[in-house]
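Note: hydrogens, waters and symmetry copies are ignored here, and every other heavy atom, side chains too, is used. Just so you know, these numbers come straight off a predicted model, no measurement behind them.
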There are 2 protein chains.
Amino acid sequence: MSTRRDAVRQALTESTGFRSAQDLYADLRADGSKIGLTTVYRALQALSDSGQVDVLRTDDGEAVYRACDTESHHHHLVCRVCSTAVEIEGPAVERWAVEMGAKHGFTGVTHTLEVFGTCARCS
Amino acid sequence: MSTRRDAVRQALTESTGFRSAQDLYADLRADGSKIGLTTVYRALQALSDSGQVDVLRTDDGEAVYRACDTESHHHHLVCRVCSTAVEIEGPAVERWAVEMGAKHGFTGVTHTLEVFGTCARCS
DNA sequence: TCACATTTTGACAATCATTTTCGTTTTCGC
DNA sequence: GCGAAAACGAAAATGATTGTCAAAATGTGA
């Protein structure tokens, strides 16, 4: 609906990597948009709530977002230099996580898994 | 060396779960210590730098720490209610992560993996 | 034990990402 | 076109974490 939210989604889609709210805000302003920082945060919140973008936290706690090709469960192989990411899947890991949970009496098991490295271009 | 750092390590060791710096500060003060918040942060920084405690980020970006039994690479099964954690290992996952990285031309591959659920006691 | 250098500490201020607040502007249904 | 509801944005508020700096603790050699 909202043009603003679309602008944020668009900006995110143009990148293959994870971007922070501040990054996106800077990009949009640089492109001439009059968007406010608050709106960027609101858009990202909405987009992640609806599962349209993936979120993860950098080591220093900053939230970074990515518009992924698929909305189904997957993980990422992220370049620690340029933050470019590749979507990856690991069926075996999914099973392992659930098994581990069951083994220790945990219910409602979920997991977070991200793989980091330096991509070919950045090496 | 430092009594203060030991106090922080001690406070952390008394818990099986992950605790935030603010939590530990509150605990220590409640126990009558005159320790300052800055010192708690410094102690945790030093302890994590030396690999004596594990750190992870909550969904809202807060850093939480845990004194683990082993300093070797491992993951955690964390209760999302009481934050109690169990150390777990997954050799297959380690291999999978490296393979995935190699497959896409990434070097220096590392990964983060945490499993969440509700522990038996909290169910 | 004493004088001095070094390290540790803690109160307080400063950062910085993120959230709230709140008045204004747009968008929509009718 | 008209009023309610949703979206905006600027500025203030939050809250965790870090930086500053002077005081206190500790170590060292004479």
(request) Find the distance B:Tyr65:OH to D:dA16:P and express it as a whole number of Å. (result) 12 Å
(request) Provide, to the nearest angstrom, the distance between the CG atom belonging to B:Asp6 and the P atom belonging to C:dT8. (result) 12 Å
(message) Output the rounded distance in Å from CD (A:Glu62) to P (D:dT18).
(response) 14 Å
(message) Rounding to an integer number of Å, can you tell me how far B:Ile35 CD1 sits from C:dT8 P?
(response) 14 Å
(request) Tell me whether the OP1 or OP2 atom of D:dG9 has a side-chain N or O from A:Arg4 closer than 4.0 Å. (result) yes
(message) With a 3.5 Å distance limit and no angle check, can you tell me whether B:Arg9 reaches the backbone of B:Gln52 through a side-chain donor-acceptor pair?
(response) no
(request) Among the candidates C:dG10, C:dT18, D:dT18, find the nucleotide nearest to the side-chain atoms of B:Gln45. (result) D:dT18
(message) It should be established whether B:Tyr41 places a side-chain nitrogen or oxygen under 4.0 Å from OP1 or OP2 of nucleotide D:dT18.
(response) no
(message) Can you measure B:Arg57 atom CZ to C:dA17 atom P for me and round it to whole angstrom units?
(response) 13 Å
(request) Taking only the side-chain heavy atoms of B:Leu37 (C-beta and beyond), determine which of C:dA11, C:dT9, D:dT17 contains the nearest atom. (result) D:dT17
(message) What verdict does the salt bridge (Lys or Arg N to Asp or Glu O under 4.0 Å) test give for A:Glu87 and A:Arg66, after you've listed the backbone C-alpha separation in whole Å, the side-chain angles of each residue and the deciding distance to 0.1 Å?
(response) CA-CA 11 Å; A:Glu87 292 164 47; A:Arg66 181 173 194 276; 2.8 Å; yes
(request) Determine, using ring centers only, whether A:Phe18 and A:His76 are less than 6.0 Å apart. (result) yes
(request) Answer with yes or no after comparing the ring centroid distance for A:His73 and A:His111 against a 6.0 Å cut-off, counting only values under it. (result) yes
(message) Whole angstroms only, please: what is the CG-P distance between A:Asp59 and D:dT17?
(response) 14 Å
(request) Examine D:dC8: is either OP1 or OP2 under 4.0 Å from a nitrogen or oxygen in the side chain of A:Thr39? Give yes or no. (result) no
(request) Ignoring backbone atoms, test whether A:Thr38 places a side-chain nitrogen or oxygen under 4.0 Å from the OP1 or OP2 oxygen of D:dC8. (result) no
(request) Can you figure out which of D:dT17, D:dA7, C:dT18 approaches the side chain of A:Arg5 most closely? (result) D:dA7
(message) Output the rounded distance in Å from CZ (B:Arg42) to P (C:dC12).
(response) 15 Å
